[in-house]
Amino acid sequence: MGIFSGSKKKGKLVLVFNIRSSSVEGALFWAQSSGIPKIIFSVQEPVIIEDKIGIDRLLFLTIQSLEIVVKKICMAGLGVPEQIFCVLSSPWHVSQTRIINLKKNTPFVFTVKLADSLVQKEINLFKEEHLTKYANVDNSIRTIELKNIKTILNGYETSKPLNQKAKELEMVIFISISEERVLKNIEKTIAKHFYLKQIQFSSFVMASFATVRDMYTQQENFLLVDIGGEVTDISMIKKNILRESISFPLGLNFIIRGVASAFSYSLSEAKSLISLFQDGHATESVEKKLGPVIGKLKIEWLKKFQESLANLSNDISVPATIYLAVDQKMADFFSETIKNEQFNQYTLTESKFQVIFLGPKIFHGLVVFDRNIIRDPFLIIDSIYINRFLINK
């Protein structure tokens, strides 16, 4: 599919939106031939948190936040972008690594036509599985991302498989799909202020995987943990291949709602108290009252985290290195929670978990900023990833 294919023109002004369940971020940046993007404008708008929320309501609130972000970027008057990208986090996409196998008694030639037919069959199967799993999904699904991770002919990996003869074929591909109504809502909102024939979509799991893999070339096995407002995603990478991903419906907002419910606070009051507690600025009485409640919520989140790791790993050992993507204010909270858990004691992990927060400092030298630009880690990852494909592909 090559969603990032296009012009190799240098110095391209690009607009990117990062759409999560907790916030919507947007940035204008120059994609540069050096491989180092220059962010000239960025903005973030939280998605309003409510006591109870369904997917339809969450989509409505997310589009509201997107509308605000799009308007602010348009009003900045910094130029017309040549390309627009949207990078989606859960629950706005579903991604999966899939393996295609083909064996024949007589040799066959690996052609573009054969590859396309096998890949299309796999995409259709993935869509069918998704629609079966989510019975309430009553509209069409669009493929937003397709990556050929590796091709193996007769047991040997090859970077040039076309027109080669083989009896055995294995293809590892990564697919992302999204509901048509989600994508159309996003496209319609952006088109009110920026008109382009095509808005290109990707998944944050692929953007973060590719960025981390290229930064830490010596680290072949690791976990990516992305904690959003409503969902936590865990992806396992083995030998630099994104093997599997899993999600569970507890994120940042689970902690906020838990504190609000325990003390009959409003959600905004609970959010403020958690922030004070995290910064060590809460009064002694508040700390004494809040500590046990937050401790209980941590245990509940951790239980789901452990269950997800168990389902993810099966008979495969769990990597000990974790790269964590989360709101900066809650980075220490979740880093410590993960590091203190006991799952690694009864799995095949080689050592205790090492948690590396994917914060702005990690990316020093890989991206540059105009003055007074918010250093948003999600936008940094997106801009590095997109720049790589626009300039260096």
Margin query: When you measure from the side chain of Arg375 to the backbone of Ile373, do you find a donor-acceptor pair of N or O atoms at a distance under 3.5 Å?
Written below: yes

Next item on the list: Mark yes or no for whether Thr232, through its side chain, and Leu250, through its backbone, hold a donor-acceptor pair below 3.5 Å.
Entry: yes

Notebook entry, point to check: Tell me, which pairs form a salt bridge (charged side-chain N to carboxylate O under 4.0 Å, His left out) where one or both residues lie in residues 84-98, sequence neighbours left out?
Noted result: Arg98-Glu122, Arg98-Glu129

Notebook entry, point to check: Any donor-acceptor pair under 3.5 Å linking the side chain of Thr211 with the backbone of Ser208?
Noted result: no

Next item on the list: Report the residues that fulfil side chain to side chain donor-acceptor pair (under 3.5 Å) with Tyr216, sequence neighbours left out, ordered by chain and then residue number.
Entry: none

Next item on the list: Check the pair Glu67 / Thr189 against side-chain hydrogen bond (donor to acceptor under 3.5 Å, both in side chains), numbers first and verdict last.
Entry: CA-CA 6 Å; Glu67 176 81 47; Thr189 304; 4.8 Å; no

Item checked: Charged N-O contact under 4.0 Å between Arg257 and Asp51 -> no

Check: Does the side chain of Asp233 come within less than 4.5 Å of Ser247's, by heavy atoms?
Finding: yes

Next item on the list: Determine, for Arg142 against Glu187, whether the closest basic-nitrogen to carboxylate-oxygen distance falls under 4.0 angstrom.
Entry: yes

Note to self: Do Gln164 and Thr158 make a side-chain contact, defined as non-hydrogen atoms from C-beta onward lying under 4.5 Å apart?
What the structure shows: no

Next item on the list: Using a strict 4.0 Å threshold on nitrogen-to-oxygen distance, state whether Lys298 and Glu336 make a salt bridge.
Entry: no

Next item on the list: Mark yes when over 12 heavy atoms from residues, nucleotides or ligands other than Lys192 sit less than 6.0 Å from its NZ; otherwise mark no.
Entry: yes

Notebook entry, point to check: Are Ile186 and Ile63 side-chain neighbours, meaning at least one heavy-atom pair lies under 4.5 Å?
Noted result: yes

